[in-house]
Amino acid sequence: HMIPFLHLANKLAERGHKTTFLLPKKAILHLASLNLHTSLITLHPITVPHVEPLPPGTQTASDIPIHLNNHLATAMDLTRPEVELIIMSLESKPNLLFYDMAHWVPEIASKLSGVQTVCYKVVCAASLAIAIVPARDLSRDKPITESDLAELPQGYPSNNVVLRGAEWQNLLFIGLEFGSGLTFYERITRAIRSCDAIAFRTCREIEGSFCDYMASQYNKPVFLTGPVLPEVESTTTTPLDKKWADWLDQFTSRSVVFCAFGSQFVLEKEQLKELLLGFEMAGKPFLVAVKPPSGCASIGEALPEGFEEQVRERGVVCGSWVQQPQILAHPSVGCFVSHCGFGSMWESLMSESQIVLVPQLGDQILNARIIAGEMKVAVEVERGENGWVSKENLCKAIKSVMDEGSEVGEMVKKNHAKWRGVFVGNDFMGGYIDNFVKDLEMLV
Ligand SMILES: O=c1ccn([C@@H]2O[C@H](COP(=O)(O)OP(=O)(O)O[C@H]3OC[C@@H](O)[C@H](O)[C@H]3O)[C@@H](O)[C@H]2O)c(=O)[nH]1
């Protein structure tokens with residue numbers, strides 16, 4: 001979630017505003033190149049205390065498997081004294097404090113008169129509206145079941161942007177502990193209830209009704225920042241590494257399939273193998289950048305036998321971080337196979353690639369319902385009954401958007417071009433940020 005906060009700081013800096021951004025040291029190393037206004041944005045380190053059973057040195061969610069995030073939230077809560085000290089010692093008193101899950105930030109703000117707080121949400125508004133609203137009575141003494149969730153909260157504004165059948169299991173985690181004795185539901189509702197304004201990284205054009213629902217549920221103003229993405233071609237952005245630029249350059253326009261699944265999700269080894277066979281089967285050049293699967297120290301251990309030999313001329317599998325926005329902007333890339341994390345969703349919508357979705361977590365499934373189901377700009381890969389994504393289904397989805405003359409491919413391409421025209425035209429993003437700044441000025 002730190003990347004979109006930094007993108008927002010860049011947009012505020014373009015308009016002359018200063019930000020001090022508190023984040024773990026490791027994240028500073030990773031994100032420093034995204035800071036486009038070093039004179040106005042200070043990346044200030046905080047120390048993440050060790051909490052058992054986290055591996056020593058854990059600093060961010062991408063360091064650990066997702067089931068340990070609960071303990072990382074506890075570690076985050078333990079940074080409170082340091083965060084408070086840093087805020088109190090800033091040269092000039094801030095006007096605004098932005099936070100996400102650190103529900104205690106407004107208590108710090110209350111010690112400084114006239115400081116307003118904004119709870120900034122960088123997942124789709126629908127994912128909060130469907131699960132984390134007062135209309136749901138998810139108090140602790142009642143364990144949450146799939147059937148509790150499957151009943152939509154009263155007034156939820158859609159029958160399409162929903163989960164179906166076993167997909168509801170993906171939301172059961174909201175009833176589990178998420179740091180310092182709070183459930184995820186309690187943490188997020190507390191964080192939202194205590195802010196002065198809620199902000200979403202979304203736009204009215206696709207999520208207006210969900211934002212209105214959140215405003216009425218929490219009785220708070222809701223501000224929208226729009227997608228908040230840097231201009232990839234900008235001279236201030238780091239260019240794509242030569243290694244990848246050279247590799248992509250050898251292929252024809254829009255012929256390469258690129259796959260990435262975000263900063264958190266770790267696949268099972270057998271599922272990754274199956275997906276890789278699906279890429280091979282689709283017959284297009286491909287670049288897959290995913291974390292090594294669970295139980296594997298390196299991506300090499302997870303490759304099907306003889307795979308590297310077989311795909312040598314046209315396929316690469318990389319087990320580390322690549323520059324996703326720059327890769328998506330490369331003219332050889334024609335298809336993005338994505339987990340549909342909210343950041344990747346926006347980056348794919350702004351790109352000219354066809355979009356194939358393999359959503360994993362609850363919010364990603366809702367994002368997929370929005371962009372594949374409602375906007376019809378993407379294709380979601382069909383899963384088997386047990387949740388398995390077969391090589392045949394992945395191959396089918398890729399071919400449906402990449403093969404010349406495919407009706408589905410033509411349809412999503414046309415719809416995507418229409419929406420892309422909205423998002424990149426008429427200073428759409430700039431307009432959202434200008435309005436957001438006006439909203440903030442009214443708040444302070
Ligand atoms: O190799 C990579 C992988 C990812 N990235 C970048 O990392 C970001 C990933 O963000 P996403 O929101 O797509 O996905 P994450 O899985 O990391 O996010 C998390 O927060 C947002 C939620 O919607 C997701 O469900 C949650 O997993 C993107 O900006 C992407 O460009 C890289 O630059 N290189």
Side-chain angles (χ1 to χ4, degrees), residues 1-8 10 27 29-34 60-69 72-73 100-101 120-132 161 163 167 170-171 173-174 178 184 188 200-202 206-207 210 227-232 237-241 243-244 258-267 287-292 299 316-330 333 336-351 353 355-371 378:
H1 292 194
M2 289 179 261
I3 294 174
F5 272 74
L6 185 48
H7 289 336
L8 179 61
N10 279 322
L29 291 175
H30 205 72
L31 302 186
S33 67
L34 300 180
T60 70
S62 58
D63 297 333
I64 49 172
I66 209 156
H67 69 270
L68 291 179
N69 280 355
L72 189 60
D100 181 354
M101 298 191 191
Y120 185 37
K121 292 292 169 200
V122 297
V123 292
C124 64
S127 66
L128 289 150
I130 205 168
I132 306 190
V161 183
L163 303 179
E167 288 172 351
N170 287 294
L171 285 188
F173 79 93
I174 68 173
F178 198 78
F184 189 86
I188 304 300
F200 279 108
R201 180 199 193 183
T202 194
I206 62 173
E207 283 213 285
F210 302 106
V228 201
L229 288 168
E231 310 289 330
V232 177
T237 311
T238 321
L240 177 59
D241 281 353
K243 172 184 163 190
W244 295 123
F258 168 58
C259 170
F261 288 152
S263 62
Q264 279 195 289
F265 198 76
V266 176
L267 290 158
L287 165 55
V288 176
V290 290
K291 296 176 137 204
I299 199 81
V316 187
V317 186
C318 163
S320 54
W321 192 259
V322 294
Q323 295 155 290
Q324 178 170 302
Q326 285 88 334
I327 290 178
L328 285 176
H330 192 284
V333 175
F336 180 31
V337 177
S338 160
H339 70 318
C340 211
F342 207 47
S344 298
M345 183 194 96
W346 280 115
E347 289 163 19
S348 65
L349 287 172
M350 297 294 174
S351 80
S353 285
I355 309 165
V356 169
L357 304 173
V358 188
Q360 319 277 355
L361 307 178
D363 75 301
Q364 298 161 7
I365 300 174
L366 293 168
N367 298 337
R369 295 286 130 82
I370 294 173
I371 72 165

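Quantities reported herein were computed from a predicted structural model and do not represent experimental measurements. Basis for what follows: all heavy atoms, side chains included, without hydrogens, waters or symmetry-related copies. Indexing begins at 1, ligand by ligand and atom by atom, following the structure's order.
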Review point. Is it true that W321 lies under 4.0 Å from ligand 1, counting heavy atoms only?
Key: yes
Exercise for review: State if H339 counts as touching ligand 1 under the rule of any non-hydrogen atom under 4.0 Å.
Suggested key: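 Within the 4.0 Å threshold, so yes.
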Mark up the atoms of ligand 1 that fall under 4.0 Å of a heavy atom belonging to [X], in ascending order.
X: V322; result: 1 (O), 2 (C), 32 (C), 33 (O), 34 (N)
X: P325; result: 31 (O), 33 (O)
X: Q264; result: 19 (C), 26 (C), 27 (O)
X: I3; result: 7 (O), 8 (C)
X: S263; result: 15 (P), 16 (O), 17 (O)

Between [X] and ligand 1, does any nitrogen or oxygen pair lie at a separation below 3.5 Å?
X: A289; value: no
X: S344; value: yes
X: G343; value: yes
X: E347; value: yes

**Study point:** Test ring pair (Phe, Tyr, Trp, His ring centres under 6.0 Å) applied to W244 and H330, step by step
**Key:** CA-CA 10 Å; W244 295 123; H330 192 284; over 10 Å; no
Check your understanding: Heavy atom under 4.0 Å from ligand 1: found in Q364's side chain, backbone, both, or neither?
Key -> side chain
